[in-house]
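Written below as structure tokens is the structure these notes are about.
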Amino acid sequence: QEWLQRHYCNMLSKVAEAVKDEPNVLGFDILNEPSVGWVGMQDATDISPNVYLIGWRCDVWSSILLGAGFTRIVDFFSSFMVFRGHRTLNPNNICAWKGGNENCVW
């Protein structure tokens with residue numbers, strides 16, 4: 001627990017340091033909305049539990065692939081239940097992992 005808290009606090013310190021002089025940043029939130037996340041998912045490609053039809057609709061596996069630097073085509077809803085077609089995410093194949101996708105945790 002102490003290790004996790006220490007590293008989490010260090011990460012927040014790095015974020016604060018990185019954005020402190022940005023004129024358009026008033027602050028940042030350290031927590032996101034509570035969610036069960038991927039706990040209990042039987043199929044990483046099943047998006048049926050995602051009932052909030054707004055924005056990009058990604059399944060678990062697409063989210064992992066996006067972070068690893070792959071392009072994905074997903075459904076897009078401009079507002080609740082208003083389908084606006086498909087959107088290409090990460091068209092430039094940018095990997096979220098330092099050093100490229102060979103360092104991806106997945």
Side-chain angles (χ1 to χ4, degrees):
Q1 180 67 28
E2 186 277 328
W3 183 92
L4 183 61
Q5 287 179 326
R6 180 169 33 91
H7 282 79
Y8 183 73
C9 289
N10 287 340
M11 177 274 305
L12 291 175
S13 174
K14 297 282 186 189
V15 171
E17 186 65 30
V19 301
K20 72 177 184 179
D21 294 324
E22 295 294 328
N24 58 333
V25 175
L26 298 175
F28 66 95
D29 190 358
I30 62 171
L31 298 175
N32 201 350
E33 295 81 18
S35 166
V36 296
W38 299 336
V39 174
M41 290 290 294
Q42 298 296 315
D43 180 355
T45 62
D46 181 12
I47 57 175
S48 61
N50 180 355
V51 296
Y52 305 106
L53 301 178
I54 188 166
W56 300 279
R57 196 155 186 243
C58 284
D59 59 66
V60 173
W61 186 238
S62 289
S63 298
I64 290 169
L65 290 173
L66 284 165
F70 293 90
T71 298
R72 302 300 289 170
I73 298 172
V74 300
D75 293 344
F76 179 76
F77 293 80
S78 61
S79 58
F80 185 66
M81 296 188 73
V82 179
F83 180 70
R84 294 290 185 192
H86 304 287
R87 297 292 189 272
T88 301
L89 301 181
N90 201 8
N92 297 321
N93 299 101
I94 297 171
C95 181
W97 306 106
K98 186 176 182 180
N101 65 10
E102 62 273 1
N103 294 318
C104 176
V105 299
W106 306 108

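Any value given below was found using the heavy atoms of this structure, including those in side chains, with hydrogens, waters and symmetry copies removed.
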(request) Working to the nearest 0.5 Å, report the span between CG of Leu89 and CZ of Phe76. (result) 9.5 Å
(message) Checking Phe77 now: which residues fulfil side chain to side chain contact (heavy atoms under 4.5 Å, CB included) with it, not counting sequence neighbours?
(response) Leu53, Arg57, Asp75, Phe83
(request) Could you state whether Val15 and Tyr8 fall into the same hydrophobic cluster, counting links through intermediate Ile, Leu, Val, Met, Phe, Trp or Tyr residues with side-chain heavy atoms under 4.5 angstrom apart? (result) yes
(message) Applying side-chain hydrogen bond (donor to acceptor under 3.5 Å, both in side chains), can you list everything that pairs with Glu22, at least two apart in sequence or on another chain?
(response) none
(request) Please name all residues satisfying side chain to side chain contact (heavy atoms under 4.5 Å, CB included) with Leu65, sequence neighbours left out, ordered by chain then number. (result) Trp61, Phe70, Arg72
(message) Within the supplied structure, the quantity of interest is the number of heavy atoms (other residues, nucleotides, ligands) at a distance under 6.0 Å from Leu26 CG; does it exceed 12?
(response) no
(message) Quick check for you: to the nearest 0.5 Å, what is the distance between Ser78 atom OG and Arg87 atom CZ?
(response) 8.0 Å
(message) Test: salt bridge (charged side-chain N to carboxylate O under 4.0 Å, His left out). Region: residues 2-11. Which pairs qualify, not counting sequence neighbours?
(response) Glu2-Arg6
(request) Output the rest of the hydrophobic cluster of Val82: all Ile, Leu, Val, Met, Phe, Trp and Tyr residues reachable through side-chain heavy-atom contacts under 4.5 Å, sorted by chain and number. (result) none
(request) Grab the two heavy atoms, one from Cys58 and one from Val74, that are nearest each other, plus how far apart they are. (result) SG-CG1, 3.7 Å
(request) Enter the distance from Leu66:CG to Thr71:OG1 here, rounded to the nearest 0.5 Å. (result) 8.0 Å
(message) With rounding to the nearest 0.5 angstrom, report the CG to OG distance, Asn90 to Ser62.
(response) 11.5 Å
(message) Between Ile73 and Val60, is there shared hydrophobic-cluster membership here, with clusters defined by ILVMFWY side-chain heavy atoms closer than 4.5 Å?
(response) no
(request) Can you sort out the partners of Lys14 under salt bridge (Lys or Arg N to Asp or Glu O under 4.0 Å), two or more places apart, ordered by chain and number? (result) none
